[in-house]
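This report concerns only the one structure given below.
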Amino acid sequence: MLIAVTGSSGRLGRVVVRDLLEHGHDVLPIDIQSAADADAPLTRLADLTRPADLIPLFQGADAVCHLGNYPAIGQFPLTGGLANNVAATHGVFEAAAVAGIRRIVCASSIQAYGIVTIRPEARPSPPLYLPVDEDHPLLPRDAYPLSKAMGEWIAESFVRRDARLSVFSLRFTGVRIKPAPEPKAPAIGGALLTAIHVDDAALAVRLCCQMDRPGHTPLNIVHPRSTVPWDMASIREYYGCEPELRRALKSDEALITADRAREVLGFVAQISPGIASLAA
Ligand SMILES: NC(=O)c1ccc[n+]([C@@H]2O[C@H](COP(=O)([O-])OP(=O)(O)OC[C@H]3O[C@@H](n4cnc5c(N)ncnc54)[C@H](O)[C@@H]3O)[C@@H](O)[C@H]2O)c1
């Protein structure tokens, strides 16, 4: 398959490009900046917010893997980052539609639920229940989570236009490139004590690129174990309320479930994201 990968020069994009190549796919890397790695395939430089520039690049591709968004919209003014992410996602869908591509895999985020945030001053929404699954409503309060939720609404709008489209929104939790010891006081609001190793994230992307599943399918991509054991008292203290527990959950089980990714893709994260307390 020929797969166009946007955001190919980013932390996740570089690993996704390498993984797809290693598994026999042809890859067209697209980004607004070149990849830093000397051995990376040539990047086609383009601004994703300009769909007319993307159409010739997408011609002949079997699938688009859309990762090209800024994950760190953290400082005032936030509007530029929001606008980039939303316009980039709309630009990719619009160009893919003109180029006749029916398979699109998008990087969404668990932040779309609104229950975590990278900006400590932006208090997140309390989860309505635990573990959080894909039926949990998207309740973004902050710019980046809002941009990811809007990205998913864009996906749904294009599926409404063309029911043959196969679109996955992969709701990644914090992607870890290197083992990272958990800080002494683990930040519940950072990623609800969840993580995913970058190689597992790339595996989930590849499985989606290879699958035809008409409609829009959001999937949590999360390691099944909590980065550190959690307890309800800390969750209550952080959110100011106690979310309903929908099923019995051990303290080392992740508070965000990737069960649906297992059912749909056969995906189960294999690699510990590198948390000292789990590696033992
Ligand atoms: N890293 C994480 O922990 C994490 C977690 C959840 C979701 N995500 C999502 O995964 C994707 C990749 O994240 P990452 O960590 O690799 O980010 P990154 O910042 O390392 O890479 C993003 C890439 O997208 C490119 N890009 C952004 N806007 C563009 C535009 N308008 N035109 C062309 N290129 C553009 C950037 O140049 C960059 O190379 C993003 O969509 C992000 O929202 C990341």
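Every number for a ligand or one of its atoms is a count from 1 in the order of the listing. Throughout, numbering of the chain's residues begins at 1 and tracks the sequence.
Close contacts of ligand 1 with Gly174, meaning ligand atoms under 4.0 Å from a residue heavy atom, involve 3 (O). Of all the atoms in ligand 1, the ones that sit under 4.0 Å from a non-hydrogen atom of Ser9 are 39 (O). Residue-ligand proximity, Asp47 to ligand 1, at heavy-atom distances under 4.0 Å covers atoms 30 (C), 31 (N), 32 (N). Heavy-atom proximity to Ser109, at under 4.0 Å, picks out these atoms of ligand 1: 6 (C), 7 (C). In the vicinity of Gln33, heavy-atom distances shorter than 4.0 Å reach the ligand 1 atoms 36 (C), 37 (O), 38 (C), 39 (O).
Of the polar atoms of Val175, at least one N or O is found under 3.5 Å from an N or O of ligand 1, judged by distance alone. Close N/O approach between Phe172 and ligand 1 is not found [any backbone or side-chain N/O within under 3.5 Å]. Checking only distances, Leu12 does come within under 3.5 Å of ligand 1, N or O to N or O.
Of all protein heavy atoms, the one closest to atom 39 (O) of ligand 1 is Asp31 OD2, 2.7 Å. Counting only heavy atoms of the protein, atom 13 (O) of ligand 1 lies nearest to Pro71 CG, 4.1 Å. Among all non-hydrogen protein atoms, the one lying nearest atom 11 (C) of ligand 1 is Leu67 O, 3.2 Å. Nearest protein heavy-atom contact of atom 22 (C) of ligand 1 is Asn69 O, 3.4 Å. Atom 32 (N) of ligand 1 has Leu48 N, 3.0 Å as its closest protein atom, hydrogens excluded (heavy atom only). Nearest to atom 34 (N) of ligand 1 among the protein's heavy atoms is Ile32 N, 3.2 Å. In this structure, atom 42 (C) of ligand 1 lies nearest to the protein heavy atom Tyr144 OH, 3.5 Å. The shortest contact between atom 10 (O) of ligand 1 and any protein heavy atom is with Ala107 CB, 3.4 Å.
Asp37 is not listed as a side-chain neighbour of Arg18, based on a closest heavy-atom distance of 4.5 Å or more. With a 4.5 Å cut-off on side-chain heavy atoms, Leu170 and Val205 count as touching.
One N or O on the side chain of Arg14 and one on the backbone of Ser9 form a donor-acceptor pair closer than 3.5 Å. For the pair Asn69 (side chain) and Asn85 (backbone), a donor-acceptor distance under 3.5 Å is present. Using a distance-only test at 3.5 Å, with no hydrogens or angles considered, a donor-acceptor pair links the side chain of Asn220 to the main chain of Thr257. No side-chain donor-acceptor contact under 3.5 Å links Thr173 to the backbone of Val222. Between the Trp230 side chain and the Ala254 main chain, no donor and acceptor come within less than 3.5 Å of each other.
Note that Arg103 lies outside the cation-pi zone of Phe168, set by a 6.0 Å cut-off to the ring centre and a 45° limit from the axis.
If you check each of Leu170, Val198, Asn84, Val15 against atom 29 (C) of ligand 1, the one with the closest non-hydrogen atom is Asn84. When the options Ser34, Gly151, Gly10 are ranked by their closest heavy atom to atom 18 (P) of ligand 1, first place goes to Gly10.
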Requested in this report: Starting from the C-alpha separation in whole Å, work towards a yes-or-no answer on salt bridge (charged side-chain N to carboxylate O under 4.0 Å, His left out) for Glu152 and Lys148.
Outcome: CA-CA 6 Å; Glu152 294 205 22; Lys148 301 314 279 186; over 6 Å; no
Requested in this report: Carefully, step by step, assess Asp259 and Arg247 under the rule salt bridge (charged side-chain N to carboxylate O under 4.0 Å, His left out).
Outcome: CA-CA 13 Å; Asp259 284 357; Arg247 63 172 161 84; 3.6 Å; yes
Query raised in the report: Are Val167 and Phe93 close enough, and set up right, to give a side-chain contact (heavy atoms from CB on, under 4.5 Å), and what steps lead you there?
Result: CA-CA 10 Å; Val167 182; Phe93 272 90; 3.8 Å; yes
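Separating the CG atom in Asp142 from the CD atom in Glu121 is a distance of 7.5 Å, to the nearest 0.5 Å.
Ligand 1 lies within reach of Ser108, whose nearest heavy atom is under 4.0 Å from it. The shell of residues lying under 4.0 angstrom from ligand 1, judged by heavy atoms, includes Lys148. Ligand 1 has no atom lying under 4.0 Å from any heavy atom of Gly91. At least one heavy atom of Thr173 sits less than 4.0 Å from an atom of ligand 1.
In this structure, Tyr129 and His136 have tilted ring planes: the angle between them lies in the 30° to 60° band.
No donor-acceptor contact under 3.5 angstrom links the side chains of His223 and Ser272, judged on distance only.
If you look at Ala46 next to ligand 1, the close heavy atoms, those under 4.0 Å, all belong to the backbone.
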